[in-house]
*Asks:* 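The following block contains the structure, expressed as structure tokens.
Since the structure is predicted, the reported quantities are computational estimates derived from the model, not experimental observations.
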Amino acid sequence: MVFQRFNHFPHMTILKNIALAPMKVRGLSEKEAYDRAYNLLKKVGLEDKANVYPCSLSGGQHQKVSIARAFVMRQKVCSLTPTSALDPEMPGGVLNVMKDLAKEGMTMILVTHEMGFAREVGDRVLFMDDGVIVEKGTPQDIFFNAQNERTKSFLSKIL
């Protein structure tokens with residue numbers, strides 16, 4: 001899971017924050033864990049931040065590091081809120097990383113207000129109102145043929 005609060009270890013570099021779990025939980029060698037972590041940092045566009053500490057990152061950079069930290073474990077499913085703390089100038093970067101990972105076969109459960117992203121990348125979309133699922137279906141169903149009035153109202157205001 002990628003949480004809205006990033007919980008990066010402040011006394012560790014970004015690279016070590018990402019490499020720690022595969023070493024401790026999966027038993028990877030230090031070299032393999034660091035190689036995997038660095039490759040993910042490259043994938044999210046932050047290889048230049050490998051040796052800095054979390055306090056020097058922006059919100060969007062923290063989000064990217066959290067995505068790399070989750071994906072370094074090579075789980076089958078990841079749950080995340082990808083747009084919770086993005087830099088206004090960087091949201092596309094995080095979303096592009098998630099698109100690439102989805103194309104590689106990562107199953108993601110996303111909570112997002114980025115409707116264009118949900119429409120483009122999602123296989124299934126659930127629209128919730130006041131904590132209740134009011135409509136679900138394919139992106140085509142939801143965005144172009146919504147049945148629920150609340151869904152229609154919401155989409156008419158943002159699309």
Side-chain angles (χ1 to χ4, degrees), residues 1-12 14 16-22 24-26 36-37 39-41 43-46 49 53-159:
M1 292 187 80
V2 178
F3 297 97
Q4 287 187 10
R5 293 199 181 267
F6 306 112
N7 299 318
H8 297 137
F9 295 112
H11 63 289
M12 294 180 185
I14 296 307
K16 188 164 187 176
N17 263 280
I18 297 169
L20 183 65
K24 297 289 185 187
V25 177
R26 298 268 192 234
R36 194 186 284 184
N39 286 333
L40 280 163
L41 275 176
K43 187 172 288 229
V44 300
L46 291 178
K49 302 293 184 187
Y53 291 85
C55 64
S56 68
L57 299 181
S58 69
Q61 290 169 333
H62 274 286
Q63 187 78 56
K64 287 181 175 184
V65 169
S66 293
I67 290 169
R69 185 177 56 186
F71 292 164
V72 76
M73 297 299 286
R74 297 192 175 157
Q75 300 293 343
K76 292 183 180 180
V77 177
C78 185
S79 173
L80 57 159
T81 307
T83 55
S84 64
L86 299 181
D87 295 334
E89 298 175 350
M90 290 181 55
V94 172
L95 299 179
N96 287 336
V97 166
M98 291 173 23
K99 283 182 200 176
D100 290 344
L101 292 165
K103 287 177 189 171
E104 292 174 13
M106 170 63 71
T107 298
M108 292 179 269
I109 300 169
L110 308 175
V111 177
T112 186
H113 294 100
E114 296 283 342
M115 295 297 103
F117 180 74
R119 181 179 57 214
E120 181 181 344
V121 176
D123 295 318
R124 302 278 299 155
V125 175
L126 288 90
F127 181 81
M128 296 181 72
D129 183 39
D130 204 20
V132 176
I133 297 171
V134 296
E135 191 157 7
K136 60 185 172 183
T138 66
Q140 181 73 23
D141 294 337
I142 301 300
F143 292 101
F144 301 106
N145 194 28
Q147 301 299 304
N148 182 278
E149 288 305 316
R150 177 65 182 106
T151 308
K152 290 178 185 178
S153 172
F154 176 78
L155 292 173
S156 73
K157 292 175 185 164
I158 61 150
L159 294 178

*Asks:* Could you go through residues 129-138 and list every donor-acceptor pair under 3.5 Å that involves a side-chain atom there, pairing it with any protein atom two or more places apart or in another chain?
*Replies:*
residue: Asp129; atom: OD1; partner: Arg150; partner atom: NE; Å: 3.1
residue: Asp129; atom: OD2; partner: Arg150; partner atom: NE; Å: 3.4
residue: Glu135; atom: OE1; partner: Gln147; partner atom: N; Å: 3.4
residue: Glu135; atom: OE1; partner: Asn148; partner atom: N; Å: 3.0
residue: Glu135; atom: OE1; partner: Thr151; partner atom: OG1; Å: 2.9
residue: Glu135; atom: OE2; partner: Gln147; partner atom: N; Å: 2.6
residue: Thr138; atom: OG1; partner: Gln140; partner atom: N; Å: 3.4
residue: Thr138; atom: OG1; partner: Asp141; partner atom: N; Å: 3.0
residue: Thr138; atom: OG1; partner: Asp141; partner atom: OD1; Å: 3.4
residue: Thr138; atom: OG1; partner: Asp141; partner atom: OD2; Å: 3.2

*Asks:* Taking all non-hydrogen atoms of both residues into account, name the closest pair between Val65 and Leu41 and its distance.
*Replies:*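 So the minimum-distance heavy-atom pair works out to CG2-CD2, 4.4 Å.
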
*Asks:* Which residues pass the side chain to side chain contact (heavy atoms under 4.5 Å, CB included) test with Ala37, sequence neighbours left out?
*Replies:* Leu15, Ile18, Ala19

*Asks:* Looking at residues at least two apart in the chain, or sitting in another chain, which of them share a side chain to side chain contact (heavy atoms under 4.5 Å, CB included) with Lys43?
*Replies:* Leu40, Leu101, Glu104

*Asks:* With heavy-atom distances below 4.5 Å as the criterion, would you say the side chains of Met108 and Ser79 are in contact?
*Replies:*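 Heavy-atom side-chain distance check fails, nothing below 4.5 Å.
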
*Asks:* Return the set of residues passing salt bridge (Lys or Arg N to Asp or Glu O under 4.0 Å) with Arg119 (not counting sequence neighbours), or none when no residue passes.
*Replies:*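 Testing Arg119 for salt bridge (Lys or Arg N to Asp or Glu O under 4.0 Å), a comparison that skips the adjacent residues, returns none.
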
*Asks:* Of all residues at least two apart in sequence or in a different chain, which pass the side chain to side chain contact (heavy atoms under 4.5 Å, CB included) check with Phe9?
*Replies:* His11, Met12, Asn17, Leu20

*Asks:* What I'd like to find out is whether the side chain of Arg36 reaches to under 4.5 Å of the side chain of Arg74, using heavy atoms alone.
*Replies:* yes

*Asks:* Which residue pairs satisfy the ring-ring contact (aromatic ring centres under 6.0 Å, His included) criterion with at least one member in residues 127-159, sequence neighbours excluded?
*Replies:* Phe127-Phe154

*Asks:* Gly122 and Pro139: which non-hydrogen atoms are nearest, and at how many Å?
*Replies:* O-CG, 3.0 Å

*Asks:* With His8, which residues qualify under side chain to side chain donor-acceptor pair (under 3.5 Å), at least two apart?
*Replies:*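 For His8, the residues satisfying side chain to side chain donor-acceptor pair (under 3.5 Å) (neighbours in sequence not counted) are His62, Ser66.
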
*Asks:* Taking all non-hydrogen atoms of both residues, which atom of Pro10 and which atom of Pro54 are closest, and how far apart?
*Replies:*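 Closest heavy-atom pair between Pro10 and Pro54: O-CD, 3.9 Å.
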
*Asks:* In Å and rounded to the nearest 0.5 Å, what is the CZ to CD1 distance from Arg69 to Ile67?
*Replies:* 11.0 Å

